[in-house]
Undergrad: 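So that we are looking at the same thing, I have put the structure below in structure tokens.
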2 protein chains.
Amino acid sequence: MEDIFQKIGTTQTLSQKIERNIERAIREKKLPIGAKLPSERELCEMFAVSRTALREALRRLSARGLIEIRKGSGMVVTKIDMKDAISSLNLYYDLKFDENLIGQIIELRLAFEPEIAKMAALNRTEEDLKNMEANLVEFAKCNPDNTQLESDIDNRFHLAVARATENPFVIVTMEPVHNLLPRMRNFIYANIEGEKEITLGYHKEIVNAIRERDAERAYDKMQAHLDRNMQVYNKFFKHS
Amino acid sequence: MEDIFQKIGTTQTLSQKIERNIERAIREKKLPIGAKLPSERELCEMFAVSRTALREALRRLSARGLIEIRKGSGMVVTKIDMKDAISSLNLYYDLKFDENLIGQIIELRLAFEPEIAKMAALNRTEEDLKNMEANLVEFAKCNPDNTQLESDIDNRFHLAVARATENPFVIVTMEPVHNLLPRMRNFIYANIEGEKEITLGYHKEIVNAIRERDAERAYDKMQAHLDRNMQVYNKFFKHS
DNA sequence: TTTAGGTATGATGGCATACAAATTGTAAAT
DNA sequence: ATTTACAATTTGTATGCCATCATACCTAAA
């Protein structure tokens, strides 16, 4: 049956039509970033709709980050921030989170992070380097009793490396992963005595390789680091 | 002074507060997926707001894919589809698209796709295998004059491999990339005579490796495939 | 002249009401 | 028991009104 009859009554609501209309104008750059949209009243006339329908369309657009509505001032087309794009991803993963996803996070990190380290070595800027080096200092100074903070710094190191690739696809991929890591901690029994020094050692070697733009060494060190790290993870993983 | 006076004028609008409120309920699974929300009238009473403000909050939520609003029926909490999560990514990359991004796509594919092939070899289901094999047949049958279709099938092959990883992070990463590939064609001068057979040969070898769950071979073949492919890309890339 | 303060204007935010349109359930009719 | 018709419920759209905020302009005092 599905092959024969296709949907006809896609009763697209009026506000949805308006939304698509404006979205198309933005996609086609007829409304460039920073452009001020006509006022609500004017748009009402242009589309020949009520203010209610129009406003609901505008709410949708602003919820998706395409426009910014400033009370008393007007509406402008905004550059979609990477944060906006990622936020819906975060929500998606957040609701999907379970032990299965944890395994897939580990799988992903083992597979991708060495490549990411390599890419970071090739593309990193001076600022990226500073961020990573600052993280090393922070890690070294961190009170070893504060396992929460220690773990957070650790996670941020890997995110800094991902950012150092300067590749938006890599960053978009790893940001949500990073946001899930704190939740993963609840599934791990404990931190291991003496792990900190080992972790810091690896981090330093990785940064050194990235500093010298030695892609292969960055790759190898990251791989060794994660292999060891994930062994610990698996050992203390709460199998239910 | 900052200690004494805290901000009052949180520019957060009423409908945004309502939005966050409902979103929180959904995140905390107090409103499980499939649950029917109270009617607008009831929600208005519960939040003690007008229907306008409430509806604008609901519009926002539906635009983000959290709820589905059915006219005449009611509103239900929906499982956020991966498509929803990806759609905002697509828009983000779409507006960001330029030659710079093309280079980053190539960089990403070279770095990740071999790893993806490895992962696919380990995780692929029978259905994944069928999809990839069907793609091979389609590619072989494709009229060589139809370069548009040929290129499309090629792209879909790589997406099928990504899907075969069964890892949502990988799929979310590669789906938007796949959506950008057609636009990249406009930056390439032409297809190369005889490339089709070579491409098909690589694809077959990759599928064979994945079929036999030979991760290392899948990795190597994909790497060799992309190395060659990208050489052609770079050669015919429209440097402006 | 400069500047603090007032004011007019136009923008969005929100409220209340009314009606249209779609869906669903129910009860009557066959 | 099935069908039909109708009523109730729910969302969609329209309209009018006022509140609140942002901005530009004007005015009067230093």
Side-chain angles (χ1 to χ4, degrees), chain A residues 5-23 25-26 31-78 84, chain B residues 1 5-23 25-26 31 33-78 84:
Chain A
F5 298 119
Q6 17 180 327
K7 264 189 208 160
I8 296 177
T10 50
T11 43
Q12 203 173 183
T13 70
L14 195 49
S15 67
Q16 280 172 325
K17 287 184 201 164
I18 302 171
E19 180 192 10
R20 304 258 178 275
N21 216 308
I22 299 178
E23 179 183 346
I26 295 176
L31 286 174
I33 291 169
K36 202 165 171 304
L37 275 80
S39 74
E40 291 182 353
R41 259 94 182 176
E42 288 173 288
L43 285 172
C44 285
E45 284 182 13
M46 292 165 65
F47 287 114
V49 295
S50 75
R51 213 176 141 225
T52 313
L54 177 76
R55 286 187 53 138
E56 296 191 348
L58 296 172
R59 291 300 169 280
R60 290 189 132 96
L61 290 168
S62 84
R64 295 170 51 204
L66 274 84
I67 66 174
E68 184 184 334
I69 305 176
R70 287 195 276 254
K71 179 176 176 180
S73 174
M75 301 170 291
V76 294
V77 181
T78 57
D84 290 328
Chain B
M1 284 292 268
F5 298 120
Q6 11 180 330
K7 259 189 210 163
I8 297 178
T10 54
T11 46
Q12 191 166 207
T13 156
L14 188 51
S15 64
Q16 279 172 326
K17 286 184 201 164
I18 302 171
E19 180 193 8
R20 304 255 180 279
N21 215 307
I22 299 178
E23 180 183 345
I26 294 176
L31 285 173
I33 291 169
K36 201 165 173 303
L37 275 81
S39 73
E40 290 183 353
R41 189 182 59 78
E42 290 173 287
L43 285 172
C44 285
E45 284 182 11
M46 292 165 66
F47 287 115
V49 296
S50 78
R51 219 179 135 213
T52 310
L54 177 73
R55 280 181 58 94
E56 294 189 349
L58 296 173
R59 292 285 97 72
R60 285 201 159 89
L61 291 169
S62 82
R64 294 170 51 203
L66 276 84
I67 66 174
E68 185 184 333
I69 305 177
R70 287 195 276 254
K71 179 174 175 181
S73 173
M75 301 169 291
V76 295
V77 180
T78 57
D84 291 328

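First the proteins, then the strands, lettered A, B, ... as listed; each starts at 1. FYI, side chains are in, hydrogens and waters are out, and symmetry mates aren't considered; it's all heavy atoms of this structure. Remember, predicted model here, so these are calculated numbers, not experimental data.
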Undergrad: Side chain of A:Glu42: nearest nucleotide among C:dA11, D:dA14, C:dG14?
TA: C:dA11
Undergrad: How many whole angstroms separate atom CD of A:Gln12 from atom P of C:dA21?
TA: 18 Å
Undergrad: Tell me: NZ of A:Lys17 to P of D:dT13, nearest whole Å?
TA: 9 Å
Undergrad: A:Lys71 has a side chain; which of C:dG14, D:dT13, D:dT20 sits nearest to it?
TA: D:dT20
Undergrad: Quick check for you: among C:dG14, D:dT11, D:dA14, whose closest atom lies nearest to any side-chain atom of A:Leu14?
TA: D:dA14
Undergrad: Find the distance B:Leu61:CG to D:dT11:C1' and express it as a whole number of Å.
TA: 16 Å
Undergrad: Throw together a table of side-chain donor-acceptor distances under 3.5 angstrom for residues 66-77 of chain A, partners on residues two or more places apart or in other chains.
TA:
| unit_1 | atom_1 | unit_2 | atom_2 | d |
| --- | --- | --- | --- | --- |
| A:Glu68 | OE2 | A:Arg70 | NH1 | 3.3 |

Undergrad: Counting just side-chain N and O atoms, does A:Arg70 come under 4.0 Å of either OP1 or OP2 of C:dG13?
TA: no
Undergrad: When you match B:Ile69 and A:Val49 each to their closest nucleotide on DNA chain D, which lands nearer the 5' end?
TA: B:Ile69
Undergrad: Assess whether one donor atom and one acceptor atom, taken from the side chain of A:Arg41 and the base of C:dG10, lie less than 3.5 Å apart.
TA: no
Undergrad: Nearest to the side chain of B:Arg55 - C:dT12, C:dG14, D:dT11?
TA: D:dT11
Undergrad: Atom CZ of B:Arg59 and atom C1' of D:dT11: how far apart are they, to the nearest Å?
TA: 8 Å
Undergrad: Provide, to the nearest angstrom, the distance between the CD1 atom belonging to B:Ile67 and the P atom belonging to D:dT10.
TA: 15 Å
Undergrad: What closest approach, in Å, do A:Glu23 and A:Leu61 show between heavy atoms, and which atom pair accounts for it?
TA: CB-CD2, 4.3 Å
Undergrad: Going by the side-chain contact (heavy atoms from CB on, under 4.5 Å) test, name the single residue among A:Arg59, A:Glu45, A:Glu40, A:Glu19 that passes it with A:Leu54.
TA: A:Glu40
Undergrad: Distance check needed: D:dT13 C1' versus A:Arg60 CZ, whole Å only.
TA: 14 Å
Undergrad: Taking atom types as they are modelled, would you say the side chain of B:Ser50 forms a donor-acceptor pair with the base of C:dA16 within the 3.5 Å cutoff?
TA: no
Undergrad: Going through the distances and angles, do B:Glu42 and B:Ser39 end up as a side chain to side chain donor-acceptor pair (under 3.5 Å)?
TA: CA-CA 5 Å; B:Glu42 290 173 287; B:Ser39 73; 3.2 Å; yes
Undergrad: For the pair made of CD in B:Glu45 and C1' in C:dC15, what is the distance, rounded to whole Å?
TA: 15 Å
Undergrad: With a 3.5 Å cut-off and heavy atoms only, can you find an N or O donor on one side and an acceptor on the other between the side chain of A:Arg51 and the base of C:dG13?
TA: yes
Undergrad: Which comes earlier along DNA chain D counting from the 5' end, the contact point of A:Thr52 or that of A:Gly72, where each point is its nearest nucleotide?
TA: A:Thr52
Undergrad: Using a 4.0 Å heavy-atom cut-off, does A:Ser73 contact any base of the nucleic acid, only the sugar-phosphate backbone, or nothing at all?
TA: sugar-phosphate
Undergrad: May I have the distance from B:Gln16 (atom CD) to C:dT12 (atom C1'), rounded to whole angstrom?
TA: 12 Å
Undergrad: Do you know which two heavy atoms are closest between A:Arg60 and A:Ser15, and how far apart they sit?
TA: NH1-OG, 3.2 Å
